[in-house]
Amino acid sequence: MQEAITQAIQKIKEARYIALLTHIDPDADTLGSALGLYHSLLGLSKRASLVNTTKLPYNLDFLPGIKKIKKEPPKRCDLMISFDCGSFDRLGIEKKEAFLINIDHHRSNTMYGDINIVDPTAAATGEVVYALLEKGGMPIPKESAISLYTALVDDTGFFQYEGVGAKTFELAKKLCARGASPEWVARMLKMREPLSKLRLLPLVLQTLTLHLNAKVASLRMTRHMLAQTGATKEMGEDALHMARNLATVEVALLLREEEDGRIKVSMRSKERVDVGKIAVAFGGGGHKRAAGFVSDLHDFDRVLHLLLEAIKKEME
Ligand code: 5GP
Ligand code: MN
């Protein structure tokens with residue numbers, strides 16, 4: 001991976017116009033990682049544009065530079081870099097327009113880049129971006145530090161998840177020293193909830209069903225629930241975490257009806273079941289403890305039935 005980082009630094013230094021690509025249904029890690037590099041590139045007087053083809057979550061509006069994100073990739077650029085995206089289809093773009101550097105930490109990454117910097121031991125893609133900035137001797141202004149710190153805390157559940165260790169805190173320390181404020185970032189991320197979200201959560205929680213000796217919990221979220229409350233689709237995630245947090249539960253599932261009627265599945269596990277492996281078998285991806293996929297089936301019960309069979313096998 002060190003070799004890939006060295007090659008990427010070379011490519012970045014040569015490029016004049018760089019497109020920074022983030023994954024569909026973006027989270028803090030993909031956006032924070034892209035913005036972390038973006039502000040560094042501005043310091044190097046590079047032209048850079050930020051791309052996300054879908055809707056941005058309401059609580060990430062504080063990330064420095066987020067308003068610069070465009071829905072379409074630029075017509076011409078000489079380098080593309082993707083962040084936190086395990087497979088090319090999750091970028092939401094038609095085709096690769098230029099040399100592509102893939103920066104990520106998903107074990108399930110399909111290595112779709114011309115250079116792939118994929119570190120499954122990193123707690124967040126933001127950590128990989130920081131390693132690249134540091135190795136390249138590139139600027140790390142306050143705006144980059146805030147963006148990368150946000151990526152790091154969000155992907156680790158504020159330093160709770162597997163993979164968090166001394167190096168995570170060492171990185172957090174460096175980012176704080178460069179101007180990231182933990183209190184401010186936590187407040188921006190977590191303490192600006194819209195009422196619509198609090199109205200949505202009980203509707204989703206009411207669907208909670210236990211399976212396989214109460215080791216699995218499933219939840220459903222319909223388009224109707226979103227329309228009824230005015231909430232947006234990413235707002236159900238807290239219900240999923242509450243279901244996972246039940247004492248008996250090892251795996252929690254959220255089945256969400258998409259705009260086109262397909263079912264998006266989000267999975268979280270506590271300590272044994274590798275949900276990343278299950279997601280890959282269903283055409284998706286992710287990590288051991290957090291993964292997902294979109295099923296072409298339009299039927300909650302069928303998707304759930306297939307999933308429970310797969311989970312049962314994993315638990316044996
Ligand atoms: P979430 O359940 O919050 O959407 O995603 C949890 C994790 O699974 C994230 O790391 C995300 O990248 C991955 N993931 C979720 N849905 C998909 C999918 O449809 N395809 C792939 N490759 N990964 C996914
Ligand atoms: Mn991530």
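As the structure lists them, so they are numbered: ligands from 1, and atoms in each ligand from 1.
The heavy atom nearest to atom 5 (O) of ligand 1, out of those in E237, H287, R268, R289, is found in R268.
Shortest contact from atom 22 (N) of ligand 1 to any protein heavy atom: G285 N, 3.3 Å. Nearest protein neighbour of atom 17 (C) of ligand 1, counting heavy atoms only, is G292 O, 3.2 Å. With respect to atom 19 (O) of ligand 1, the closest heavy atom belonging to the protein is F293 CA, 3.5 Å. Shortest contact from atom 7 (C) of ligand 1 to any protein heavy atom: A290 O, 3.5 Å. Nearest non-hydrogen protein atom to atom 20 (N) of ligand 1 is R90 CD, 3.3 Å.
Taking the charged nitrogens against the carboxylate oxygens, K264 and E258 have no contact shorter than 4.0 Å, which rules out a salt bridge. For D78 and R47, the salt-bridge test fails: no basic side-chain N is under 4.0 Å from an acidic carboxylate O. The existence of a salt bridge linking E134 and K174 is confirmed by a sub-4.0 Å separation between a basic side-chain nitrogen and an acidic carboxylate oxygen. For R262 and D296, the salt-bridge test passes: some basic side-chain N is under 4.0 Å from an acidic carboxylate O. A salt bridge links R187 and E183; the closest N-O separation between the charged side-chain nitrogens and carboxylate oxygens is under 4.0 Å. A salt bridge does not link R289 with D274: none of the charged nitrogens is closer than 4.0 Å to a carboxylate oxygen.
Between H106 and H287, the two ring planes are parallel [angle under 30°; tilted spans 30° to 60°].
For H23, the closest heavy-atom approach to ligand 1 does not fall below 4.0 Å. At least one heavy atom of H106 sits closer than 4.0 Å to an atom of ligand 1. The shortest separation from a heavy atom of A291 to ligand 1 is under 4.0 Å, placing the residue in contact.
Every atom of ligand 1 is numbered from 1 in the order shown, and the set under 4.0 Å from a heavy atom of G286 is 8 (O), 13 (C). When each atom of ligand 1 is checked for a heavy atom of S266 under 4.0 Å away, the hits are 1 (P), 2 (O), 4 (O). Each of the following atoms of ligand 1 lies closer than 4.0 Å to a heavy atom of G284: 20 (N), 21 (C), 22 (N). Ligand-side atoms of ligand 1 in range of K264: 4 (O), 15 (C), 16 (N), range being under 4.0 angstrom from any heavy atom. Close approach of ligand 1 to S87 (heavy-atom distance below 4.0 Å) involves ligand atoms 22 (N).
Counting just the N/O/S atoms of D29, the one with the shortest distance to the Mn ion (ligand 2) is named OD2. Summary: OD1 is the N/O/S atom of D84 found nearest to the Mn ion (ligand 2).
Between L37 and L132 the shortest side-chain heavy-atom distance falls below 4.5 Å. Under the 4.5 Å side-chain criterion, counting only non-hydrogen atoms from C-beta, I12 is in contact with M138. Side-chain contact between I18 and L20 is present, with heavy atoms from C-beta onward closer than 4.5 Å.
Look at D155 and the Mn ion (ligand 2): an N/O/S atom of the residue is under 2.8 Å from the metal. Residue side and main chain included, H105 places an N/O/S atom under 2.8 Å of the Mn ion (ligand 2).
No N or O atom of D84 sits closer than 3.5 Å to an N or O atom of ligand 1.
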Item to complete: Apply side chain to side chain donor-acceptor pair (under 3.5 Å) to the pair N109 and N102, showing each step before the final yes or no.
Response: CA-CA 9 Å; N109 194 293; N102 161 19; 2.8 Å; yes

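A cation-pi geometry, defined here as NZ or CZ lying under 6.0 Å from the six-membered ring centre and within 45° of its normal, holds between K11 and F99.
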